[in-house]
Amino acid sequence: MLAPRRIILAVLAVIFFLSSANYSWRQLSHRLKRTSSLSDRRARLWKPLHFLLEQRAPDGAQPILQGSVGLPRFNAISEVARENHIANGDEIRLPLQAAHDGFVQDIRDLNVDRAYIPGTVGIVSSAGGSYLPTFIVSLHLLRQTGSDLPVELFMKDLSEYEPHVCEVILPPLGVKCVVLSEILAGQDDAKPIEGFQLKSFAMLFSSFETFLWLDADCAPLHDPTPILSSEPFISTGLVTWPDFWANTAAPVYFDISRQPAPPSTARQATEAGALLLSKEAHFLTLLLAVYYNYHGPDYYYPLLGQGAPGAGDKDTFLHAATALNTTFYSVSEAVVDLGNVTPWNPSTAVNAGYIQADPIEDYNLTSHGKWRIQDPAVSTPPRALFIHAGAPEFNPGKSLLSDKLRGFDGKHTRLWTHPPEAMERIGYDAERRFWEETLEVTCSMESVFESWKSKTGLCDDVRVHWTAVFEDPEKEAPKITDGGSSWMSSLSHRRSPGV
């Protein structure tokens with residue numbers, strides 16, 4: 001009686017093994033097919049898109065920038081006339097309008113595969129060369145928030161691809177490197193995609209349907225995952241954050257794109273260090289933004305920026321959305337400088353970055369008619385969700401330990417202590433966390449990055465600053481002086497949340 005049982009059990013075991021193996025193979029085949037089809041879809045998208053980008057290229061003279069808009073701070077209350085610094089607006093209006101009209105009509109008629117995997121959510125960024133260490137510090141900070149969102153890191157070409165970083169260090173951290181030039185191969189007459197142009201192309205060819213874009217030096221203070229499944233994003237599919245400056249597009253741009261020029265009080269310029277986008281909802285917006293960036297350096301950057309600070313890709317996304325009459329949400333809460341005080345003016349911060357608001361909290365205010373940009377007294381401000389830490393970047397290979405980290409006495413000091421509003425909205429000792437991760441990355445990867453190969457003593461330099469500022473018992477975290485805050489209480493006895 002035992003022998004037949006053994007035979008039956010053995011047969012069942014074989015059947016189970018074959019079924020499992022077959023299931024595993026089907027799963028593997030599905031993943032391989034999906035990857036292959038994504039590569040094919042990217043190629044099938046790029047070929048006709050490149051044709052349209054060239055066929056509908058702006059024809060004739062380039063915009064001639066005469067002077068500059070300077071530093072026009074945004075004012076939500078007092079409207080001012082839109083400045084014009086394009087000297088040849090009459091000459092370029094009709095040729096650029098015809099090209100723009102043609103491209104918009106073409107993409108509306110375009111029947112092409114979309115180069116993303118439906119239902120996927122993630123983070124997209126770009127970094128190469130000296131920006132790669134900065135990205136990895138920001139990545140560590142992202143993971144410290146508890147976020148496990150997958151990340152795709154775009155590099156313009158193989159000159160920026162570092163095999164050890166992309167194949168050994170980043171995969172366990174949930175990051176895949178993508179080389180843009182390999183996607184765009186095969187079109188010999190295509191313009192080089194670099195600098196500001198890279199962002200829109202990385203967004204378009206990312207595998208994610210829904211994503212958060214983060215610049216390499218823009219790091220979240222809290223897990224950003226909820227903003228991808230909450231208002232205002234779910235109803236609009238596009239969320240942007242403000243810059244300090246007014247919208248600076250030239251009047252002739254609005255003629256070219258056939259849209260009314262918004263009043264100066266309508267919204268700020270965009271600070272595109274962070275951006276939320278659904279490709280299902282805003283595929284055409286992204287295609288038009290790619291058009292603006294492909295022809296950006298010669299045509300659309302001067303038209304949209306007119307010499308304003310940071311002129312480049314930053315305003316192409318919202319202008320594309322408004323040109324196509326699509327919905328979006330522009331965070332209303334003002335961006336706030338972050339830094340430390342100057343010896344010559346203790347009420348002014350030396351800029352060392354800036355904070356951006358949580359869009360969920362901002363939306364909860366504006367949807368109830370509370371526009372703090374018009375009257376800050378209507379409510380307490382939303383919490384800070386991102387720090388764009390680019391002045392300096394947290395990268396000791398790029399002059400991180402600058403004069404901004406020296407106090408009145410010449411000794412090491414904190415980078416972020418001012419203004420009190422910003423410190424309150426951050427809510428914990430974020431600077432300590434930033435330096436903690438910078439120290440970890442620097443001392444564990446000092447010999448890894450190509451941009452650090454010619455540098456020595458980086459770990460020692462960062463450790464000296466860390467010890468002087470964060471391990472000296474006489475040094476204290478910055479205090480809030482409004483008498484009602486307890487956010488910094490007991491920091492000397494605990495570490496930052498998630499660290």
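All values below come from the heavy atoms of this structure, side chains included, with hydrogens, waters and symmetry mates left out.
- Between the side chain of W241 and the backbone N or O of A357, at least one donor-acceptor pair lies under 3.5 Å.
- A cation-pi contact links K398 to Y131, judged by a cut-off of 6.0 Å to the six-membered ring centre and 45° from its axis.
- Side-chain atoms of Q259 and S257 include a donor-acceptor pair closer than 3.5 Å.
- Within the model, atoms CG of D313 and CG of L198 stand 9.5 Å from one another, a figure rounded to the nearest 0.5 Å.
- When ring centroids are compared, F328 and F317 stay outside the 6.0 Å threshold.
- K279 has no carboxylate O lying under 4.0 Å from a charged side-chain N of E209, or vice versa, which leaves the two without a salt bridge.
- Between H295 and Y300, the distance separating the two ring centers is not shorter than 6.0 angstrom.
- With D362 contributing its side chain and S332 its backbone, the two residues share a donor-acceptor pair below 3.5 Å.
- Other residues, nucleotides and ligands contribute over 12 non-hydrogen atoms within 6.0 Å of the NZ atom of K453.
- The aromatic rings of F470 and W435 sit tilted relative to each other, their planes meeting at an angle between 30° and 60°.
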Residues N395, T134; criterion side chain to side chain donor-acceptor pair (under 3.5 Å); working and verdict:
CA-CA 5 Å; N395 178 351; T134 304; 3.3 Å; yes
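- Proximity of a side-chain donor or acceptor of H465 to a complementary backbone N or O of D461 within less than 3.5 Å is not detected.
- In this structure, the separation between NE2 on H222 and CD1 on I426 is 9.0 Å, given to the nearest 0.5 Å.
- A donor-acceptor pair under 3.5 Å links the side-chain atoms of Q197 to the main chain of N293, judged by distance alone.
- Residues A202 and W213 come closest through the heavy atom pair CB-CZ3, 3.9 Å.
- The only member of S207, S206, P150 that meets side chain to side chain contact (heavy atoms under 4.5 Å, CB included) when paired with V124 is S206.
- Between the CG atom of D157 and the CG atom of L180 there is a distance of 9.0 Å, given to the nearest 0.5 Å.
- Residues S235 and E231 have side chains that bring a donor and an acceptor to within less than 3.5 angstrom of each other.
- The nearest pair of heavy atoms linking Q268 to A334 is NE2-CA, 4.3 Å.
- Of the inter-residue distances, the one linking R383 atom CZ with L385 atom CG reads 6.0 Å to the nearest 0.5 angstrom.
- Contact check on R372 versus E333 returns a salt bridge, with a Lys/Arg side-chain nitrogen under 4.0 Å from an Asp/Glu carboxylate oxygen.
- Taking the six-membered ring for Trp and thresholds of 30 and 60 degrees, Y294 and F201 have ring planes inclined between 30 and 60 degrees apart.
- Enclosure of atom CZ in R463 is not indicated, since only 12 or fewer non-hydrogen atoms of other residues, nucleotides or ligands lie within 6.0 angstrom.
- With hydrogens and angles ignored, the 3.5 Å screen pairs no side-chain donor or acceptor of H85 with any backbone N or O of P302.
- Ion pairing of D215 with K199 is present here, as a side-chain N (NZ or NE/NH1/NH2) and a carboxylate O approach within less than 4.0 Å.
- Judged by distance alone, the side chains of D315 and Y292 never bring a donor and an acceptor atom under 3.5 Å apart.
- A salt bridge does not link D358 with R425: every distance from a Lys NZ or Arg NE/NH1/NH2 to an Asp or Glu carboxylate oxygen is 4.0 Å or more.
- Checked by atom type and distance alone, the side chain of S230 never pairs as donor or acceptor with a backbone atom of I360 at under 3.5 Å.
- In this structure, F394 has its ring center closer than 6.0 angstrom to the ring center of W416.
- In this structure, I387 and A430 approach most closely via the heavy-atom pair CD1-CB, 4.4 Å.
- Looking only at distances, no side-chain donor or acceptor of N340 sits under 3.5 Å from a matching main-chain atom of L405.
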